[in-house]
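The structure appears right after this line, and notes come after that.
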Amino acid sequence: ERLEDVMREELDAGHGVDICIDCLGGETVGKCLPYMNRLGRWIMIATLAGDVTEVNLKNLYVRNIRLIGSTLRARTPAFKAELLRSLVRDVWPKIESGELRPTVWKVLPITAAEEAHELLQSGRSAGKVVLTVPAE
């Protein structure tokens, strides 16, 4: 499946994406932006799949989508500590209650870590790829 196809289906079904935190980038970004919810935010934190994409700027202003670049590397330890405190205070309770939940695309055993890495690098995943460890 292509990410843009999944996002189109989800938007058409009323389950569009409000926030995307993207570490891959590449050509998929420009293809996916039209399928974000109105007022959506696409946050780039790295470009493992490539630094270049083509964006139809009309998609940004018609849907009020924000394309944001961000990194924590240049931030101070104090900033990072405050960010962590705010996550624990404001985000974790919403995750625990189920109000916020990640999109899990595929679950693989830890022994398939190389396959998982290839999936992420290919840009074919439409959500998180989770590795599991067998219970002892």
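Computed from a predicted model, the values in this text were never measured in an experiment.
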*With a 4.5 Å limit on heavy-atom distance, are the side chains of Thr71 and Ile45 in contact?*
no
_Counting C-beta onward and ignoring hydrogens, is there a side-chain heavy-atom pair between Leu120 and Leu48 closer than 4.5 Å?_
no
*asked:* Hydrophobic clustering (ILVMFWY, side-chain heavy atoms < 4.5 Å, transitive) - are Leu60 and Met44 grouped together?
replied: yes
*asked:* Quick one, Val17 with Glu10, criterion side-chain contact (heavy atoms from CB on, under 4.5 Å). Give me CA distance, side-chain angles, the key distance, then yes/no.
replied: CA-CA 8 Å; Val17 174; Glu10 291 297 311; 5.7 Å; no
*What pair of heavy atoms forms the shortest contact from Pro34 to Arg63, and how long is it?*
O-NE, 3.5 Å
*Is the shortest heavy-atom distance from the side chain of Ile68 to the side chain of Trp42 under 4.5 Å?*
no
*If we only count heavy atoms from C-beta on, is the Val130 to Leu108 side-chain gap below 4.5 Å?*
no
*Search all heavy atoms of Met36 against all heavy atoms of Ile65 and return the closest pair with its distance.*
CB-CD1, 3.7 Å
_Nearest 0.5 Å, please: how far is OG1 in Thr28 from CZ in Arg2?_
9.0 Å
_Would you say that more than 12 heavy atoms from the other residues, nucleotides or ligands in this model lie under 6.0 Å from the CG of Leu100, or not?_
yes
*Where the side chain of Asn37 meets the backbone of Gly16, is there a donor-acceptor pair that is under 3.5 Å apart?*
yes
*Side chains of Phe79 and Leu72 in contact at under 4.5 Å (non-hydrogen atoms)*: yes
*Tell me, with the steps shown, if Asp12 and Glu9 meet side-chain contact (heavy atoms from CB on, under 4.5 Å).*
CA-CA 5 Å; Asp12 291 346; Glu9 291 170 13; 5.8 Å; no
*Looking just at side-chain N and O atoms, do Ser86 and Asp90 make a donor-acceptor pair shorter than 3.5 Å?*
no
*State plainly whether the residues Lys31 and Glu27 are in salt-bridge range, i.e. N to O under 4.0 Å.*
yes
*Taking the side chain as every heavy atom from C-beta outward, state whether Val29 and Asp22 have any pair of such atoms under 4.5 Å apart.*
yes
*Atom pair NE2/CG of His117 and Leu131 - distance to nearest 0.5 Å*: 11.5 Å
*Is Ile95 close to Arg101 at the side-chain level, that is, under 4.5 Å between some pair of heavy atoms?*
no
*Do the side chains of Leu119 and Lys106 get nearer than 4.5 Å, heavy atoms only?*
yes
*Check Pro102 against Lys128 and note the closest heavy-atom contact, atom names and distance.*
CB-CG, 4.3 Å
*To the nearest 0.5 Å, how far apart are CG in Leu11 and SG in Cys32?*
11.5 Å
*Val129 versus Ala116, closest heavy-atom pair with distance*: CG1-CB, 3.6 Å
*Any idea which heavy atoms bring Leu33 and Val55 closest together, and the distance?*
CD1-CG1, 3.8 Å
_Path from Tyr35 to Leu39 over hydrophobic side-chain contacts below 4.5 Å_ = no
*Could you pull out the closest heavy-atom pair between Thr53 and Gly30, with the gap in Å?*
OG1-N, 2.9 Å
